[in-house]
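This report refers to the structure that appears directly beneath it.
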Number of protein chains: 2
Amino acid sequence: MADSAPRTIPEATVTRLPLYYRSLLQVAETDLATISSERLADMAGMNAAKVRKDLSYLGSYGTRGVGYDVEYLLHQISRELGLTHDWPVAIVGLGNLGQALAKYAGFSTRGFKVAALLDADPAKVGMAVGDLSVEPMDALDRLVRDRSIAIGVIATPADAAQDVADALVAAGARSILNFAPAHVTVEPGVSLRKVDLATELQILSFYQLRRSNPSGDTTSGDTTSGDTTSGDEAMPPQVSSAQVS
Amino acid sequence: MADSAPRTIPEATVTRLPLYYRSLLQVAETDLATISSERLADMAGMNAAKVRKDLSYLGSYGTRGVGYDVEYLLHQISRELGLTHDWPVAIVGLGNLGQALAKYAGFSTRGFKVAALLDADPAKVGMAVGDLSVEPMDALDRLVRDRSIAIGVIATPADAAQDVADALVAAGARSILNFAPAHVTVEPGVSLRKVDLATELQILSFYQLRRSNPSGDTTSGDTTSGDTTSGDEAMPPQVSSAQVS
DNA sequence: CCGAGCTTGTGATCGAATTCTCGAAGTCTG
DNA sequence: CAGACTTCGAGAATTCGATCACAAGCTCGG
Ligand SMILES: NC(=O)c1ccc[n+]([C@@H]2O[C@H](COP(=O)([O-])OP(=O)(O)OC[C@H]3O[C@@H](n4cnc5c(N)ncnc54)[C@H](O)[C@@H]3O)[C@@H](O)[C@H]2O)c1
Ligand SMILES: NC(=O)c1ccc[n+]([C@@H]2O[C@H](COP(=O)([O-])OP(=O)(O)OC[C@H]3O[C@@H](n4cnc5c(N)ncnc54)[C@H](O)[C@@H]3O)[C@@H](O)[C@H]2O)c1
């Protein structure tokens, strides 16, 4: 069967596909040939209905009464995510974080390949990290072009983030992952995601506080609302953030 | 004064408070005493209505016709997020990433303080990173207790993540930030958030693919990049994921 | 003191995402 | 081959989040 599914995968589903992918990779290492939505849900920390709904956006790849063929599903997801070939990635800013990223092995095993390292600091240029050496910023255009780099990672200080993003886009990158704690805007047609350590910790902090101090702070002493039953209500879920266009 | 607001801040709002906080810190460095929802929205990459709605959950801290008092709002948000004092954080796993995190300055400037470093590798124990030295895992209980650590960061390989999480929880930590690409479960009452580089890149990859190849067929080969001229519709938004309990 | 001009706060609306449910479709056993 | 059992797929219901739209409240000029 060819496909003919309504090619519209909800945003929320897209963010979960990598989780399923990861879990499926684990399963593939065992000898199990198929997996049920329920088991996959357990592994990924989801619930079965959501898994099925998500996977159904890709097409009907399951078999009722049996489950999903692991290899086949892996193939479908990797095709959907574009992991059938490695994406060359450029890392900009080879400080603490940038170097850790550059040396990170898991990078290459998940569909990506560090293809260029750049830094504005002349002292850093020429330095070898992993099996690449750090290049100066003015080599960006050339590197992006010659190495077909579409994804750029920003690991510079916050105040350089926007400039670096602009440079990456100007050079031709169309996807950016920003680790700097700064808001960056990019033109429509370029994807941007961000990872911010402080944000994550602050979210944890919020719920941590709630748990030990259910009221707001100032006075009060109501709340307690809700059904709640077992003491486990003020708990968090999770998210990150990003943006496009 | 007079609170009694329905103390229920939506999950989605909680994840954005840190962004507002960050933007407000920037504004506070200028001489502006107040800021409008519109300007704050610009800075944080949101829209004004959302900002107002979010802030309204904290209480009515704005002044119509004027905007929000920067200092006051900062204070309120930091109180809500529990940033009025520094949270001691333990980092487990001092490899590439763990060391970068331990040396990360921005940590301390955002309401957190690295209070303990732990690693299972005897070769790593004793090593100095920043101004702490790495401790063995069996010191975890003592460190968490003595240093009032509530938040643990996991930077170990994926296969150790669950064990480390269990150890952290057993020691008394109630919030965990997991950098390892593995699904970890924790008991109710403990918050868990995760950051996964590969997931982020894969999401970017998905949209990157969509842009250059609207259908969805395979045939890898090489990138047919050639810059797609500004297509501008199949674009992504963003999110991350996490989970609780 | 009044009216013009901003900007907030929030009810109402819209839409997206999650969860519930259950019929459909397959396997397996005897 | 029938019947019991498993598990998917997807409509319906529900929850949650984003956006709209506008009255209310504040400042300031005159
Ligand atoms: N270190 C961490 O664990 C960590 C964690 C989360 C977020 N971050 C964020 O990641 C970023 C990098 O952190 P770090 O600790 O590696 O900082 P760092 O100061 O060690 O490294 C920054 C690097 O960026 C380079 N740089 C500066 N301006 C540049 C420019 N305009 N173009 C290209 N390169 C430039 C510098 O030369 C330096 O090598 C920061 O924004 C930080 O907030 C770091
Ligand atoms: N390096 C990166 O840039 C990067 C980026 C994203 C995610 N990650 C993830 O972060 C984790 C750490 O990455 P890394 O590159 O630092 O790896 P690494 O191998 O350099 O370091 C792992 C550290 O964890 C320690 N460790 C192993 N088992 C342990 C245990 N049971 N208890 C305590 N400590 C233990 C090891 O001794 C080692 O010091 C990995 O899961 C990786 O996938 C790394």
Side-chain angles (χ1 to χ4, degrees), chain A residues 1 3-6 8-17 19-20 32-42 44-70 72-73 76 226-227 233 235-245, chain B residues 2-6 8-17 19-20 32-42 44-70 72-73 76 236-245:
Chain A
M1 302 300 173
D3 34 279
S4 59
T8 324
I9 302 184
E11 165 63 14
T13 294
V14 173
T15 66
R16 285 188 296 262
L17 289 180
L19 300 187
Y20 302 145
L32 296 175
T34 65
I35 187 171
S36 68
S37 59
E38 177 146 358
R39 200 159 132 52
L40 182 52
D42 277 356
M46 299 273 101
N47 68 58
K50 202 180 334 189
V51 169
R52 287 201 299 275
K53 177 77 67 181
D54 283 343
L55 295 182
S56 76
Y57 291 117
L58 306 186
S60 292
Y61 297 143
T63 305
R64 299 175 186 203
V66 179
Y68 300 87
D69 181 275
V70 176
Y72 187 60
L73 190 53
Q76 293 303 331
D227 32 310
E233 82 161 12
M235 204 101 6
Q238 197 185 125
V239 182
S240 208
S241 63
Q243 179 203 136
V244 194
S245 175
Chain B
D3 32 309
S4 74
T8 325
I9 302 184
E11 164 63 16
T13 294
V14 172
T15 66
R16 284 188 296 262
L17 289 179
L19 300 187
Y20 302 145
L32 296 175
T34 64
I35 186 171
S36 67
S37 59
E38 178 145 355
R39 201 161 130 51
L40 183 52
D42 277 356
M46 300 274 102
N47 69 58
K50 201 179 336 191
V51 168
R52 288 200 300 276
K53 178 73 79 172
D54 283 343
L55 295 181
S56 77
Y57 291 116
L58 306 185
S60 291
Y61 297 142
T63 305
R64 298 175 186 209
V66 178
Y68 299 88
D69 181 276
V70 177
Y72 188 59
L73 190 53
Q76 292 303 331
Q238 195 183 125
V239 183
S240 208
S241 64
Q243 176 203 135
V244 197
S245 169

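By convention in this document, chain letters (A, B, ...) are assigned in the order of the sequence lines, proteins followed by strands, and residues within each chain are numbered from 1.
- Residue B/N47 has no polar side-chain atom (N or O) positioned under 4.0 Å from OP1 or OP2 of D/dA18.
- At the phosphate of C/dT8, neither OP1 nor OP2 sits under 4.0 Å from any side-chain N or O atom of B/T63.
- Between A/R16 and the phosphate of C/dT18, there is a side-chain N or O to OP1/OP2 separation shorter than 4.0 Å.
- Regarding B/R39, its CZ atom lies at a distance of 13 Å from the P atom of C/dT8, rounded to whole Å.
- If you measure from atom CE of B/M46 to atom P of D/dC20, you get 14 Å, rounded to the nearest angstrom.
- When the nucleotides D/dG17, D/dC26, C/dA17 are ranked by their closest atom to the side chain of B/E11, D/dG17 comes out on top.
- Atom CG of B/L17 is separated from atom CD1 of B/I9 by 6.0 Å, given to the nearest 0.5 angstrom.
- Rounded to an integer number of Å, the gap from A/D69 CG to C/dT27 P is 13 Å.
- B/R39 contributes atom CZ, which lies 10.0 Å from atom OG1 of B/T34 (distance to the nearest 0.5 angstrom).
- Closest to the side chain of A/P10, out of D/dA18, D/dG11, C/dA17, is C/dA17.
- Over its length, the helix from C/dC1-D/dG30 to C/dG30-D/dC1 turns its helix axis by 10°, as judged from the five terminal pairs at each end, rounded to 10°.
- Taking every side-chain heavy atom of B/K50 into account, D/dA18 is the closest of D/dA18, D/dC8, C/dT10.
- Between A/L55 atom CG and A/Y68 atom OH the span is 4.5 Å, to the nearest 0.5 Å.
- Nearest to the side-chain atoms of B/R64 among the listed nucleotides C/dG11, D/dA10, C/dG9 stands C/dG9.
- Summarising the geometry, the separation between CD on B/E38 and P on C/dT8 is reported as 9 Å, rounded to the nearest angstrom.
- Listed candidates were C/dT19, C/dG9, C/dA17. Nearest to the side chain of B/Y68 is C/dG9.
- Listed here is the closest heavy atom pair of A/D69 and A/Y72: OD1-N, 2.8 Å.
- Annotation: the span from A/L58 atom CG to A/T13 atom OG1 amounts to 8.5 Å, rounded to 0.5 Å.
- Mapped onto DNA chain C by nearest heavy atom, A/R52 and A/G65 fall at different nucleotides, with A/R52 at the one closer to the 5' end.
- In this structure, OH of B/Y57 is placed 9 Å from C1' of C/dT10, rounded to the nearest angstrom.
- Per the geometry, CG belonging to A/L55 stands 9 Å off P belonging to D/dC8, to the nearest Å.
- Nucleotides of DNA chain C nearest to A/A49 and B/S60 differ in position, and the one nearer the 5' end is that of B/S60.
- As a whole-Å value, the separation of B/Y61 OH from D/dC26 P is 16 Å.
- Smallest separation of non-hydrogen atoms from B/L32 and B/V70: O-CG2, 3.9 Å.
- Interatomic distance, B/D54 CG to B/S37 OG, rounded to the nearest 0.5 Å: 11.0 Å.
- Scanning both residues, A/Y57 and A/T8, for their nearest heavy atoms gives CD2-O, 4.1 Å.
- Rounded to whole Å, atom C1' of C/dT7 lies 16 Å from atom NZ of B/K53.
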